[in-house]
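What follows is a single structure, written as structure tokens, with notes after it.
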Amino acid sequence: MGTPDFIRELRVTAGHQLLFLPGVSAVVFDDRGRVLLGKRADNGLWAVIGGIVDPGEQPADCAVREVFEETAVRCVPERIVLVETLRKPVVYPNGDICQYMDVSFRCRAIGGEARVNDEESTEVGWFGVDELPEMKRFSYLRIEKALADEPTWFRTTVTS
């Protein structure tokens with residue numbers, strides 16, 4: 001789907017200035033323990049599936065929606081593995097600037113056949129966790145935290 005309509009409407013009055021937006025990422029595992037990845041159309045890199053939360057939408061519902069929209073895989077969220085405001089704003093080729101607060105979910109696939117289902121990916125596939133393709137640290141960290149049996153990870157600057 002690309003840029004949600006509500007952001008296009010905001011940009012009419014906000015111009016290119018920084019927008020702070022809620023996002024989700026979904027680390028989806030199948031019953032064989034493989035992780036679902038999409039090769040992004042914008043940068044050509046493999047990544048976990050993610051997107052922007054619509055106004056009024058629950059983050060977990062957004063994760064499920066994004067996974068289906070991008071890959072045709074049905075999934076259910078199992079737990080939050082990570083919450084993080086990304087350190088650097090993203091500057092898009094058209095000059096728009098966004099910074100994201102990401103909630104990352106561990107999800108379990110429950111149906112569908114993995115395939116490219118929209119224009120955001122050029123390839124979609126299942127990968128063994130010991131056979132991951134080259135990705136940005138963003139995706140590796142989320143997969144690592146989804147595999148760990150630990151409390152939700154978050155970054156903090158608070159010191160005692």
Side-chain angles (χ1 to χ4, degrees), residues 1-8 11 19 21-54 57-149 152-153 155:
M1 174 179 165
T3 305
D5 290 338
F6 83 94
I7 293 176
R8 283 193 194 106
R11 288 290 181 201
L19 295 180
L21 298 170
V24 299
S25 53
V27 182
V28 182
F29 292 100
D30 68 4
D31 58 1
R32 294 170 46 191
R34 299 176 302 172
V35 65
L36 180 64
L37 301 174
K39 192 170 192 181
R40 296 175 55 101
D42 61 354
N43 64 17
L45 294 175
W46 289 95
V48 297
I49 308 305
I52 298 169
V53 181
D54 287 335
E57 184 178 34
Q58 294 298 323
D61 293 338
C62 178
V64 169
R65 175 179 56 79
E66 288 289 345
V67 169
F68 183 75
E69 284 179 358
E70 294 181 27
T71 71
V73 169
R74 298 275 182 203
C75 70
V76 293
E78 296 181 320
R79 66 184 173 94
I80 294 173
V81 299
L82 176 150
V83 176
E84 175 184 38
T85 295
L86 303 185
R87 291 178 186 230
K88 293 183 180 180
V90 177
V91 179
Y92 290 96
N94 68 353
D96 288 352
I97 305 168
C98 297
Q99 188 170 21
Y100 297 95
M101 192 274 301
D102 181 57
V103 178
S104 184
F105 291 87
R106 178 189 168 109
C107 300
R108 178 175 38 88
I110 58 169
E113 292 293 324
R115 64 178 169 81
V116 174
N117 205 35
D118 69 9
E119 74 283 351
E120 293 185 48
S121 301
T122 59
E123 294 179 57
V124 169
W126 294 102
F127 293 85
V129 294
D130 56 347
E131 301 172 335
L132 295 173
E134 183 177 340
M135 299 181 288
K136 290 188 174 184
R137 178 74 183 132
F138 176 96
S139 290
Y140 288 122
L141 177 63
R142 280 144 183 80
I143 293 168
E144 173 190 321
K145 295 304 178 186
L147 289 168
D149 186 18
T152 302
W153 180 90
R155 185 180 310 278

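Hydrogens, waters and symmetry mates play no part in the numbers below; they use all other heavy atoms, side chains included.
- One N or O on the side chain of N117 and one on the backbone of F68 form a donor-acceptor pair closer than 3.5 Å.
- Side-chain N or O atoms of R106 include none that pairs as donor or acceptor with a backbone N or O of R142 at under 3.5 Å.
- Using a 4.5 Å cut-off on side-chain heavy atoms (C-beta onward), L45 and F138 make no contact.
- For D149, the CG atom sits in a loose shell: 12 or fewer heavy atoms of surrounding residues, nucleotides or ligands are nearer than 6.0 Å.
- When every heavy atom of A26 is checked against every heavy atom of V67, the shortest pair comes out as CB-CG2, 3.5 Å.
- When every heavy atom of I52 is checked against every heavy atom of C62, the shortest pair comes out as O-SG, 3.5 Å.
- In this structure, D102 contributes its side chain and S25 its backbone to a donor-acceptor pair below 3.5 Å.
- Distance alone, capped at 3.5 Å, is enough to place a donor-acceptor pair between the S139 side chain and the V48 backbone.
- Of all heavy-atom pairs spanning F105 and A63, the tightest one is CD1-CB, 3.9 Å.
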Trace of the side chain to side chain contact (heavy atoms under 4.5 Å, CB included) decision for I143 with L37 = CA-CA 11 Å; I143 293 168; L37 301 174; 4.3 Å; yes
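- Separation of atoms CZ (R8) and CG (D96) is listed at 10.5 Å; rounding is to 0.5 Å.
- Residue S121 holds its OG atom at 9.0 Å from CG of D42, rounded to the nearest 0.5 Å.
- When each of L82, I80, V81 is checked for a side chain to side chain contact (heavy atoms under 4.5 Å, CB included) with W153, only L82 meets the rule.
- Side-chain contact between P77 and V64 is present, with heavy atoms from C-beta onward closer than 4.5 Å.
- Within the 4.5 Å cutoff, the side chain of L19 has heavy atoms near those of the R11 side chain.
- Atom CD of Q58 is surrounded by 12 or fewer heavy atoms from other residues, nucleotides or ligands within 6.0 Å.
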inquiry  = Would F127 and R34 count as a side chain to side chain contact (heavy atoms under 4.5 Å, CB included) here? Give the steps.
reply    = CA-CA 5 Å; F127 293 85; R34 299 176 302 172; 5.8 Å; no
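- Across all their heavy atoms, V53 and F6 have their closest contact at O-CZ, 3.7 Å.
- Proximity of V124 to L36: side-chain heavy atoms (C-beta onward) are separated by under 4.5 Å at one or more points.
- No donor-acceptor pair under 3.5 Å is formed between the side chain of E123 and the backbone N or O of V116.
- Expressed to the nearest 0.5 Å, how far CD of E119 lies from OG1 of T122 amounts to 12.0 Å.
- Taking all atoms of both residues into account, the shortest heavy-atom contact from F29 to A146 is CE1-CB, 3.8 Å.
- Of the inter-residue distances, the one linking R108 atom CZ with E78 atom CD reads 5.0 Å to the nearest 0.5 angstrom.
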request  = Could you give me the CA-CA distance, side-chain angles and deciding distance for R40 and E70, then say whether salt bridge (Lys or Arg N to Asp or Glu O under 4.0 Å) is met?
outcome  = CA-CA 10 Å; R40 296 175 55 101; E70 294 181 27; over 6 Å; no
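- Put simply, CH2 on W126 and CD on E113 are 10.0 Å apart, with the number rounded to the nearest 0.5 Å.
- When all heavy atoms of I97 and P89 are compared, the pair lying nearest together is CG2-CB, 3.7 Å.
- Separation of atoms CG (N43) and NZ (K136) is listed at 5.5 Å; rounding is to 0.5 Å.
- The closest side-chain heavy-atom distance from T71 to I49 is below 4.5 Å.
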